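Inspection log for the structure reproduced underneath, given as structure tokens.
The chains referred to below are lettered A, B, ... by the order of the sequence lines, with proteins before strands, and numbering in each begins at 1. Just so it is clear, the model here is predicted, and its values are computed rather than measured.
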Amino acid sequence: MSKVILIDGHSILNRAYYGIPLLSNAEGLHTNAVYGFLNIMFKILDEEKADYLAVAFDVHAPTFRHEMFEAYKGTRKPMPEELREQVPVIKEVLHAMQIPTLEHAGYEADDILGTLGKAYEAAGYDVSIISGDRDLLQLATDKIKIRIPKTKMSGTEIEDYYAADVFEKYQVTPTEFIDMKALMGDTSDNIPGVPGIGEKTASKIISTWHSIEEAHAHAAELKPKKASENLVTYYEQAQFSKVLATIKTDCVLDFKLEDAAIGQMMNDASYALLKRLELKNILKRFDSVAETTVNYQTVKVLDDFAAAVSWLEGIGETDQLGLYYFSEDDFEGLAACKADNVPVYIPAEGMMTAAVLREMAAAAAKRAGVCCMIDVKPQLYWLELSEEDGIFDAAIAAYLINPLKDSYTYDGIAQDFLGMTVPSRADWMKKMTLTEASEKEKESFGHYLAYSAMIPVQAYGTLKKWLEETGMDRLFDEIEMPLVYALYDMEKAGIAVEKDALAEYGSRLTGRIDELEKNIYELAGESFNINSPKQLGIILFEKLGLPFAKKTKTGYSTSADILEKLRTYDPIVGQILEYRQLTKLKSTYADGLAGYIRPDDQRIHGKFNQTITATGRISSTEPNLQNIPVRMELGRLIRKVFVPKEDCIFVNADYSQIELRVLAHMAGDEHLIRAYKEAQDIHRMTASQVFHTPFDEVTPAQRSNAKAVNFGIVYGISSFGLSQDLSITKKEAENYIQQYFRTYPGIKAFLDRSVEAAKEKGYAVTLFGRRRPVPELLSSNFMQRSFGERIAMNSPIQGTAADIIKIAMVRVNRRLKQQHMKSRLILQIHDELLIEAVLDEVDAVKAILKEEMEHAVTLAVPLEIDMHIGHNWYELK
DNA sequence: CCGACATGCAA
DNA sequence: TATTGCATGTCGG
């Protein structure tokens, strides 16, 4: 017999709130109701071996009862703010625990519970309904148990009512309980009832006559006399009350019981959330889960050549295949897994040479109906696969579903999408070193590798369903998966660096740094570590007594913008600023980049990461090639050491103000759209309109301020932020913003809309459906919430721009390959692409860049690019 | 030796 | 107290 638990959300939350003193976390968010709710829920789950669990909530919309009776629930006190703020939080917790929450306009939670309770009873389930509200007793049967918890800090006691228990307590059946309520009324719901009849009298009357109708027919026989008279006088009101008090059991609901199947409630998402809420007692429950690690059956080690070949050649189009190819430290092999089968591990050794294994693995991947992997890009170095092969990268799918996680490894995917706790790579590594594994523990090592093949193929169905249900399947298929191959090609191509020139640049810096260091020690009267903000702060603000000492958490702030204001007070400040600038260039760029030049080809092969950013941008590491200096001339000189290879030249193209154009389109603001269609200088245009100055008379200062406002808008503007940026008062900044919104009313409406939508849905969305959760919006901390609002304004813009350049990259890369060109895409810097173009392909490359970048998507405003050619990166300006 | 913090580079 | 990143050096556990 399967068991279903249904919870009356608001009612339990309410009980918990009043039963437990106010608690709050570090953010100031109150948590007592959430805590109490979860305690009750877990207590019930612990004692009942339930298979299904769902929680119903009331919605903030009138129900049929309100339509019948205007005063319905009219006397109910409004929810205190400290409780109200916990409603979305408990929903979020439930969501993280994969417990469905049900709410439906026009129905109360009671009606949902009644409908589902009766339906599942009829279908043969045992049902428990949890509520703090005795109204629910009318639903009790011998299969439906109504459970009413009494919350105290010390613990929870629960009263249970089957039909018989209701009868025992009230001498009426559950159905008759409705009639009883029709007589006695309910002040909290504003059900009128019949005056002069309370619980005792009502119980006596209904236990005798079983319904208000019968009682009315025998009114004369009723005692006491007052009750008899009032029942006649107020009979209509009693009938009316009966309808109000009757819980509907025939609501039309779109709900499938399987969605309420109890899964892995203690997962990463719920852990993070509970941790944030600081619900330590609930967090304890995770410990016991960690021990339930699933160490699945066995891995078949196919070290026999014939057996391995036959397994791989047996893969056909009806198979869902999981693959993981590994090559490191002279150790190479393939883990593979067919859906619902035992994983296999095939080491590259003996007759099964690495070359043969790689080829057979790639061939199997191509033949399979679908081939699922985790983190495909690095495996492409060994497996020759391309975007046409339709590989499914589970890490990228998981990233789209929640881009806020810090990794997408197999153990996390197993936890989140399969409810499975498996040992992580680190857990296995603790047990044995790689060498030990390869030499002595082949089977164990294969066992560990096998997770990387097994998890993606098992999670495939769930991930696919998530992508479809969130509307991100096309984003995944048409943008993200093809992009994997474009990024791989970029990494493989790398960028050539003139090592000697870089070294020379470094030593030039060193000369000046030594000079500055000497000067600084002299001016300070002692030597100290200039790189230590702590020591520097003491020298500047204590020893030299400079003014405006600003504090950070740990001491004085010595950041450039502070020092800049101190320049005139002491010559040491200027020297320090220059020292800072030069040591930055030396350590991060001159020395830092040198360490990444590969000796075999004198090129830097940086990594481009696709599953890092919250907004959908790509990131660059080892080294970061997206933050090479450009603003200051001295820093910009570094770009001279990045050069094209022989017979090549650099071509770059960058979008002109892509984010502002995306904003114009998404907001549909006619003024901004018109400004772009007329192809004017947009910052000047903004200045002209915001400052009421004729276009031709805008001063450089006005234009520059307008530019700052435009930036601010994209970042989710705040008057404080703008005032800092422009060194003006907050008041003035407020005026600029107000003027801006008056000029472009559509922008204001859009930004407001974005915040509202994110609050409602819990995430921000790009034009292509990419989502970015914004949990900060739930915070009761003003700063956190404001941060959430800025994220909600910025993410759709930054994210859509990221979507667009990704589309362009995929198409540019495709065309370079399809047309068998030797030119290669080598860098992406958020709104810019850099190509190392073979000299005789330059015109074709320029045409491709222009076409694919400007037409990656059609917006209400044109997308424009600027293109340049140069013999090194520095010249591309 | 690792993590937090401060700092500064880019779009 | 403006969005998104990454790398560096210092310093303390």
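Looking at heavy-atom distances under 4.0 Å, A/Q535 makes contact with sugar-phosphate atoms alone, never a base. Note on A/F787: only backbone sugar-phosphate atoms sit closer than 4.0 angstrom, heavy atoms only; bases stay farther off. Among the heavy atoms of the strands lying under 4.0 Å from A/V630 are primed sugar atoms or P, OP1, OP2 only; no base atom is included. Backbone-only engagement by A/S620 is indicated by non-hydrogen atom pairs under 4.0 Å involving sugar-phosphate atoms exclusively. A/T583 comes within 4.0 angstrom of no nucleic acid atom, judged by non-hydrogen atoms across all strands. Residue-level contact check: A/A708 touches the bases, meaning some heavy atom is under 4.0 Å from a base atom. Within 4.0 Å (heavy atoms only), A/A801 reaches no atom of the nucleic acid at all. No engagement by A/G716 is indicated, since no non-hydrogen atom pair under 4.0 Å with the nucleic acid exists. Residue-level contact check: A/E622 touches the backbone only, with heavy atoms under 4.0 Å from sugar-phosphate atoms and none from bases. Among the atoms of the strands shown, none is found under 4.0 Å from any heavy atom of A/Q724. Within the nucleic acid shown, A/I628 comes within 4.0 Å of sugar-phosphate atoms alone, with no base atom in reach, counting heavy atoms only.
At least one cation-pi condition fails for A/K377 and A/Y488: the charged atom is not both under 6.0 angstrom from the six-membered ring centre and inside a 45 degree cone around its axis.
For A/R631 against B/dA10, a side-chain-to-base donor-acceptor contact under 3.5 Å is absent. Contact of A/N627 with B/dC9 (side chain to base): a donor-acceptor pair of N or O atoms is detected under 3.5 Å. Donor-acceptor pairing under 3.5 Å, judged by distance alone, is present between the side chain of A/D725 and the base of C/dA2.
One atom, OH of A/Y399, and another, C1' of C/dG5, lie 11 Å apart when rounded to the nearest Å. Rounded to whole Å, atom C1' of C/dT3 lies 17 Å from atom CZ of A/F720. In this structure, the CG atom of A/L563 is 15 Å from the P atom of B/dA6, given to the nearest Å. Put simply, CG on A/L582 is 16 Å from C1' on B/dT7, counting in whole angstrom units. Computed from coordinates, the A/L536 CG to B/dC5 P distance equals 20 Å when rounded to whole Å. Here the C1' atom of nucleotide B/dC9 and the CG atom of A/L637 are 15 Å apart, to the nearest Å. Atom P of nucleotide C/dG9 and atom CD1 of A/I513 are separated by 11 Å, given to the nearest angstrom. Counting to the nearest Å, the P atom of C/dC6 and the CG atom of A/L827 are 16 Å from each other.
Listed nucleotides: B/dA10, C/dA2, C/dC6. Nearest to the side chain of A/L722: C/dA2. Distances were taken from every side-chain heavy atom of A/P533 (C-beta onward) to each of B/dT7, B/dC9, C/dT3; the shortest belongs to B/dT7. Residue A/M783 has its side chain nearest to C/dT1 when only B/dA11, C/dT1, C/dC6 are considered. Of the candidate nucleotides B/dA11, C/dT3, C/dG5, C/dG5 has the atom lying nearest to any side-chain atom of A/A614.
For A/T558 and B/dT7, the shortest distance from a side-chain N or O to OP1 or OP2 is below 4.0 Å. For C/dT4, the OP1/OP2 oxygens have a side-chain nitrogen or oxygen of A/R772 closer than 4.0 Å. For C/dG12, the OP1/OP2 oxygens have a side-chain nitrogen or oxygen of A/K534 closer than 4.0 Å. Look at A/S532 and you'll find a side-chain N or O under 4.0 angstrom from OP1 or OP2 of C/dC11. The phosphate of C/dT1 has neither OP1 nor OP2 within less than 4.0 Å of any side-chain N or O from A/S719. A sub-4.0 Å separation between OP1 or OP2 of B/dC9 and a side-chain N or O of A/N624 is absent. At the phosphate of B/dA11, neither OP1 nor OP2 sits under 4.0 Å from any side-chain N or O atom of A/R617. Within the structure, every side-chain polar atom (N or O) of A/T554 is placed at least 4.0 Å from both OP1 and OP2 of B/dC5. Here A/S587 does not reach the OP1 or OP2 of B/dC9: none of its side-chain N or O atoms lies under 4.0 Å away.
Ring centroid separation for the pair A/Y744 and A/Y740 comes in under the 6.0 Å cut-off. For A/F691 and A/Y736, the gap between ring centers is short of 6.0 Å.
C/dA2 and B/dA4 have their C1' atoms separated by 24 Å, with the value rounded to a whole Å.
No donor-acceptor distance shorter than 3.5 angstrom exists from the side chain of A/H683 to the backbone of A/R703, with no hydrogens or angles considered. Panel note: side chain A/R639, backbone A/I628; a donor-acceptor pair is recorded below 3.5 Å.
Taking a cutoff of 4.0 Å between a charged side-chain nitrogen and a carboxylate oxygen, A/E515 and A/R512 qualify as a salt bridge. A/R824 has no carboxylate O lying under 4.0 Å from a charged side-chain N of A/E836, or vice versa, which leaves the two without a salt bridge.
Between the side chains of A/R661 and A/S656, at least one donor N or O lies within less than 3.5 Å of an accepting N or O.
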